[in-house]
Amino acid sequence: MLNGYKFRLYPSPEQEPILLQWIGCQRLIYNAKVQEDRYFRRFQRRMVGTVGEDIPVDQQYSRFITAKTAFLRQVPSPVLRNGAVRWRQAYQRFFKKLSGRPKMKRKSGRQSVWLTSELFEFRPIVDDTPGAVCGYHLHVGTDKFPVGIIPYVAHRPHAVPASIYLAIEGGQWWLSFAAEDLTVTIPGKEGDAATERIAEDLRHLSADQLAERTLGGDRGIAKPLMTSDGHVFDLLPVQQTRIQKARRQHRRWQRRAARRKKGSQNQKKAYRKVAHYPQYEKNVRHEYAHQTSHALVGHAAYDLYVL
């Protein structure tokens with residue numbers, strides 16, 4: 001079974017420009033594929049001889065590296081390839097009617113770069129006393145394009161993933177990935193085997209017994225958490241007050257940023273402030289729902305505000 005992980009990342013001032021360059025180049029390839037697809041579809045509608053022909057949905061990107069975009073050669077080729085792969089994956093979701101056609105990625109908001117195993121390595125930290133792995137060092141880059149070891153805070157143990165996302169949002173860096181849950185996965189077997197084992201343990205229970213042992217939770221916007229037995233958990237009054245204050249500061253800095261000179265450093269600083277306040281509310285809601293759900297499952301001692 002796969003679990004999702006999201007940890008805080010702390011690149012150094014020397015590493016940040018490199019990661020931002022990788023993000024920008026991967027976004028450029030993705031947007032170029034979107035524009036190319038729009039061109040082919042517009043050309044197909046207007047030219048009689050091309051009606052009915054298939055529009056290419058491939059992962060080729062070399063044609064976008066020209067004299068005007070020579071800076072693309074300053075990043076590892078897997079970074080550019082992954083940009084084309086992300087576009088193709090988005091198009092496959094469109095074919096399955098799971099989403100719309102791929103759209104242009106903006107330079108504002110959350111920015112991320114997808115790295116596959118050629119570009120990173122989790123080097124284990126071994127505890128000398130028991131000889132077990134107690135953590136990992138995240139090493140990013142290649143011999144030609146080195147980045148180095150980037151510290152991150154792993155608040156729970158995890159396995160080594162096949163790919164990772166490095167993202168920046170509101171001035172904060174994040175590491176996210178999906179990896180096998182070692183507590184559920186059966187060694188030497190596929191993930192479906194672990195699911196079958198869990199289903200086998202629960203198969204002998206009746207519907208009433210399953211309902212008694214099962215508690216579902218739904219995370220929302222107005223209310224952070226609601227359980228299947230009808231309980232609604234709301235934020236603490238002090239948390240609601242701080243969120244309202246953060247929203248007022250957010251609107252205030254939006255007005256300040258709009259009045260400052262376009263493209264100036266002062267305007268960029270103001271927009272960084274604008275991005276900071278929604279991140280606070282997001283973190284509060286996520287942490288509250290996380291602690292509340294753990295309290296319900298493990299009967300931990302948390303101070304809950306129940307409506």
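Scope of the values below: all heavy atoms of this structure, side chains included, with no hydrogens, waters or symmetry mates. Bear in mind the structure is a predicted one, so any value in this text is a computation, not a measurement.
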Show the nearest heavy-atom pair for residues [X] and [Y], with the distance to one decimal.
X	Y	answer
Lys103	Val34	O-CG2, 3.9 Å
Val113	Arg86	CA-NH1, 4.2 Å
Ile164	Pro161	CG2-CG, 3.7 Å
Gln15	Val147	NE2-O, 3.1 Å
Cys25	Val75	SG-CG1, 3.7 Å
Arg110	Ala167	NH2-CB, 3.3 Å

When you measure from the side chain of [X] to the backbone of [Y], do you find a donor-acceptor pair of N or O atoms at a distance under 3.5 Å?
X	Y	result
Gln59	Val85	no
Glu16	Pro13	no
Asn31	Met104	no
Gln240	Leu235	yes

hydrophobic_cluster_shared for [Y] and [X], side chain cutoff 4.5 Å:
X	Y	value
Val79	Leu20	yes
Leu80	Tyr165	no
Leu28	Tyr61	yes
Trp114	Phe120	no
Ile168	Val153	no

Determine whether Arg88 and Asp58 satisfy the following criterion, side-chain contact (heavy atoms from CB on, under 4.5 Å), listing intermediate values before the conclusion. CA-CA 7 Å; Arg88 189 174 187 275; Asp58 53 36; 5.8 Å; no
Output, in order, the C-alpha distance, side-chain angles, deciding distance and verdict of side-chain contact (heavy atoms from CB on, under 4.5 Å) for His231 and Met226. CA-CA 6 Å; His231 286 90; Met226 181 174 182; over 6 Å; no
Face-on cation placement of Arg8 at Trp173 ring, 6.0 Å and 45° thresholds: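 No, Arg8 and Trp173 do not form such a contact.
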Euclidean distance, [Y] [atom2] relative to [X] [atom1], rounded to 0.5 Å:
X	Y	atom1	atom2	answer
Tyr271	Ser108	OH	OG	9.5 Å
Trp22	Leu166	CH2	CG	8.5 Å
Ile65	Ile29	CD1	CD1	6.0 Å
Glu169	His276	CD	NE2	12.5 Å
Gln21	Phe145	CD	CZ	9.0 Å
Phe40	Gln35	CZ	CD	13.0 Å

Give a yes or no on whether a salt bridge exists between [X] and [Y], defined as a side-chain N under 4.0 angstrom from a carboxylate O.
X	Y	value
Arg285	Asp234	no
Lys282	Glu287	no
Lys33	Asp37	no
Arg63	Glu36	yes

Do the non-hydrogen side-chain atoms of [X] and [Y] ever get within less than 4.5 Å of each other?
X	Y	answer
Val140	Leu115	yes
Tyr288	Gln239	yes
Arg252	Val274	no
Arg81	Gln60	no
His158	Phe177	yes
Trp174	Gln172	yes

Parallel under 30°, tilted from 30 to 60°, perpendicular over 60°: which one fits the rings of Phe7 and Tyr152?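 The arrangement is parallel - the two ring planes meet at less than 30°.
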Is Arg106 atom CZ crowded by more than 12 heavy atoms from other residues, nucleotides or ligands, each under 6.0 Å away? no
Give a yes or no on this: more than 12 heavy atoms of other residues, nucleotides or ligands lie within 6.0 Å of atom CZ of Arg242. no
Under the side-chain hydrogen bond (donor to acceptor under 3.5 Å, both in side chains) criterion, do Glu180 and Asn3 qualify, and how do the steps go? CA-CA 6 Å; Glu180 289 287 345; Asn3 266 355; over 6 Å; no
Set of ring-ring contact (aromatic ring centres under 6.0 Å, His included) partners for Phe64, sequence neighbours left out: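 Partners of Phe64 under the ring-ring contact (aromatic ring centres under 6.0 Å, His included) test: none.
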Does the pair Gln111 and Arg27 meet the rule for a side-chain hydrogen bond (donor to acceptor under 3.5 Å, both in side chains), with working shown? CA-CA 9 Å; Gln111 303 292 315; Arg27 182 181 62 239; 2.7 Å; yes
For Ile150 and Leu19, run side-chain contact (heavy atoms from CB on, under 4.5 Å): C-alpha distance rounded to whole Å, both residues' side-chain angles, the deciding distance at 0.1 Å, then the answer. CA-CA 11 Å; Ile150 306 179; Leu19 297 180; 4.0 Å; yes
Aromatic ring proximity, centroids under 6.0 angstrom, Tyr91 and Phe94: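 Yes - the distance between ring centres of Phe94 and Tyr91 falls below the 6.0 Å cut-off.
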Residues passing the side chain to side chain contact (heavy atoms under 4.5 Å, CB included) test with Lys245, sequence neighbours excluded, are Arg248
side-chain hydrogen bond (donor to acceptor under 3.5 Å, both in side chains) between Arg256 and Gln267: does it pass, once the steps are laid out? CA-CA 8 Å; Arg256 291 180 180 179; Gln267 189 186 54; over 6 Å; no
Phe122/Leu138 under side-chain contact (heavy atoms from CB on, under 4.5 Å): CA gap, chis, key distance, verdict: CA-CA 5 Å; Phe122 281 94; Leu138 175 60; 3.9 Å; yes
Residue pairs, two or more places apart or on separate chains, that pass side-chain hydrogen bond (donor to acceptor under 3.5 Å, both in side chains) and touch residues 134-144: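 Matches after skipping sequence neighbours: none remain.
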